[in-house]
Amino acid sequence: MDFCEYQEQAIQTGQALQNADGMDIAILGVVGEIGSLSSEYKKLLRDGESHRLFPERIAEELGDILWYLAAFANKFGLDLNTIAEQNLEKCRDRWGWRNAQSRECVAFAFDNGSPEQERLPRKFEVEITELDQNGSTKMQAFVNGKQMGNDLTDNSYVSDGYRFHDVFHLSYAAILGWSPVVRQMLGCKRKSHPKIDEVEDGGRAKAIEEGISALVFRYAQDHEFLEGLTELDYELLKTVRNLTSGLEVSQRSLNDWEKAILAGYEVWRQVNQNGGGIVSVDLNACSITYFPSGVKPKSKTAKAISHPTVFYSNQKCG
């Protein structure tokens, strides 16, 4: 029996739900059965193996919950089969990666069909330094000795390390294969495809990425800058997904975003603590790696994030 057949047969026994208060009964029924479910579990915790009827009782309570859910879904013309399939897809999107093998990021890059000079470099390093000027601490970033982007300050009344937020953009590039901001700073915009250049690499997309950076930073401030966390709030990830709907990066799953954010903050905390350092980005390995200043790549001091392999390259856009 599938959910569809169960739903059809269950509603035939729902005479009590045919009146105007039927939906109230269904909702309260679910609440009541969950209470009964909790009660049976309490007995198991209290009595242990002596509660021999636990499997039968718990199965009965779950069946009653399913009946009320079927009645509620039927009232609003919803199909439990479809609901179950959508729920599984949601779970795979959010959690499926934890049991999946690591994927090769380059195969998923959005610019594979673009000329080489318009592709994000698959491996590159960014040297981040601090500069004190006129009483203000600024961040500077360099690729192969050439400054990437502008000098950045915290743009805040208090020093909170946001001047290093380019690390987040580098993490999006490394793990998502996406960052209009990094494309702009490295001169990798896809100008040979005018519409892609306008929509995916243009000002609106960059504003969205900057908005995500600021949004997640505010969340991180309330959570010890994500230190020790292995997962993020589902609503935060959904908000990020909604902000990027319509862009190519919407193809990335919630767990991809979670990995990119957590990896970015792992590196950001080290950069912020040390006042700079070297950040190695590897799209092929889905990794972003931190090296203290003066430490050569491939050193044991380096810490790769999100992938055990660390690569080093002087490659750059164009």
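FYI, the numbering just counts along the sequence from 1. Just so it is clear, the model here is predicted, and its values are computed rather than measured.
With hydrophobic clusters built from ILVMFWY side chains whose heavy atoms lie under 4.5 angstrom apart, L232 shares a cluster with V216. Taken together through direct or relayed side-chain contacts under 4.5 Å among Ile, Leu, Val, Met, Phe, Trp and Tyr, L62 and F72 form part of one hydrophobic cluster. Cluster membership for W257 and L215, using ILVMFWY side-chain heavy atoms within less than 4.5 angstrom, is shared. With hydrophobic clusters built from ILVMFWY side chains whose heavy atoms lie under 4.5 angstrom apart, F142 does not share a cluster with L152. There is no path of hydrophobic side-chain contacts, each under 4.5 Å, that joins L45 to L53.
The closest side-chain heavy-atom distance from L226 to Y219 is below 4.5 Å. Annotation: side chain of C188 is in contact with side chain of P121 (closest heavy-atom distance under 4.5 Å). Here the side chains of E33 and W67 are not in contact, with every heavy-atom distance at 4.5 Å or above. At a threshold of 4.5 Å between non-hydrogen side-chain atoms, the residues I212 and T244 count as touching. Between R269 and Y290, every side-chain heavy-atom pair lies at or beyond the 4.5 Å cut-off. Side-chain atoms of I58 and L37, non-hydrogen and from C-beta on, do get closer than 4.5 Å to each other. Contact of the V167 side chain with the I288 side chain is registered, since non-hydrogen atoms from C-beta on lie closer than 4.5 Å.
The closest donor-acceptor contact from the side chain of D282 to the backbone of K123 lies at 3.5 Å or more, if one exists at all. The backbone N or O of R252 lies less than 3.5 Å from a partner atom in the side chain of R241, making a donor-acceptor pair. D151 contributes no side-chain N or O that, together with a main-chain N or O of Q140, makes up a donor-acceptor pair within less than 3.5 Å. S136 places no side-chain N or O within donor-acceptor distance of the main-chain N or O of Q133, the cut-off being under 3.5 Å. A donor-acceptor pair under 3.5 Å links the side-chain atoms of E118 to the main chain of S192, judged by distance alone. Looking only at distances, a side-chain donor or acceptor of E209 sits under 3.5 Å from a matching main-chain atom of V181. D201 contributes a side-chain N or O that, together with a main-chain N or O of R190, makes up a donor-acceptor pair within less than 3.5 Å. Using modelled atom types, one side-chain atom of S38 and one backbone atom of I34 make a donor-acceptor pair closer than 3.5 Å. The main-chain N or O of E266 is found under 3.5 Å from a side-chain atom of Q270 such that the two form a donor-acceptor pair. No donor-acceptor pair under 3.5 Å is formed between the side chain of Y6 and the backbone N or O of L80.
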Mind running side-chain contact (heavy atoms from CB on, under 4.5 Å) on K90 and Y234 for me, showing each step along the way?
CA-CA 11 Å; K90 169 185 172 182; Y234 180 61; 3.0 Å; yes

Hey, mind stepping through M185 and D166 against side-chain contact (heavy atoms from CB on, under 4.5 Å) and telling me if it holds?
CA-CA 10 Å; M185 291 190 292; D166 277 351; 3.8 Å; yes

Give the intermediate values and the outcome of side-chain contact (heavy atoms from CB on, under 4.5 Å) for residues L66 and F3.
CA-CA 10 Å; L66 182 59; F3 279 126; 4.0 Å; yes

In sequence, state the C-alpha distance, the side-chain angles, and the governing distance for R163 and K138, and then conclude on side-chain contact (heavy atoms from CB on, under 4.5 Å).
CA-CA 7 Å; R163 59 190 176 278; K138 297 182 178 181; over 6 Å; no

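In this structure, CD in E127 is found 12.0 Å from CE in M148, a value given to the nearest 0.5 Å. Distance CG/L78 to CG/L69: 11.5 Å, rounded to 0.5 Å. Here the CG-CG distance, from N155 to D160, works out to 9.5 Å after rounding to the nearest 0.5 Å. The structure places CG of L170 at 8.0 Å from CG of L186, a figure rounded to the nearest 0.5 Å. In this structure, CG in L229 is found 7.0 Å from NE2 in H223, a value given to the nearest 0.5 Å. Expressed to the nearest 0.5 Å, how far CD of E49 lies from CG of L44 amounts to 9.5 Å.
Defined by atom type and a distance below 3.5 Å, a donor-acceptor pair is missing between the side-chain atoms of N242 and T239. For the 3.5 Å distance criterion, the side chains of Y162 and S213 qualify, holding a donor opposite an acceptor.
Ionic pairing of E40 and K43 is present here: one or more N-O contacts between side-chain nitrogen and carboxylate oxygen are shorter than 4.0 angstrom. Salt bridge K195/E198: present, at least one basic N to carboxylate O contact under 4.0 Å. Using a 4.0 Å cut-off between a side-chain N of Lys or Arg and a carboxylate O of Asp or Glu, D197 and R183 do not qualify as a salt bridge. For the pair E235 and K238, the salt-bridge criterion is met [side-chain N within less than 4.0 Å of a carboxylate O].
Using the six-membered ring where Trp is involved, F225 and W268 have ring planes that are tilted, between 30° and 60° apart. Below 30°, between 30° and 60°, or above 60°: for H165 and F168 the angle between ring planes is between 30° and 60°, a tilted geometry.
Shortest non-hydrogen contact noted between R119 and R122 is CB-NH1, 4.0 Å. When all heavy atoms are compared, the tightest approach of A205 to V199 is CB-O, 3.5 Å.
No more than 12 heavy atoms of other residues, nucleotides or ligands sit less than 6.0 Å from atom CD of E224. Under a cut-off of 6.0 angstrom, the local environment of CZ in R46 is crowded, with over 12 non-hydrogen atoms contributed by other residues, nucleotides or ligands. Other residues, nucleotides and ligands place more than 12 heavy atoms under 6.0 Å from the CG atom of N274.
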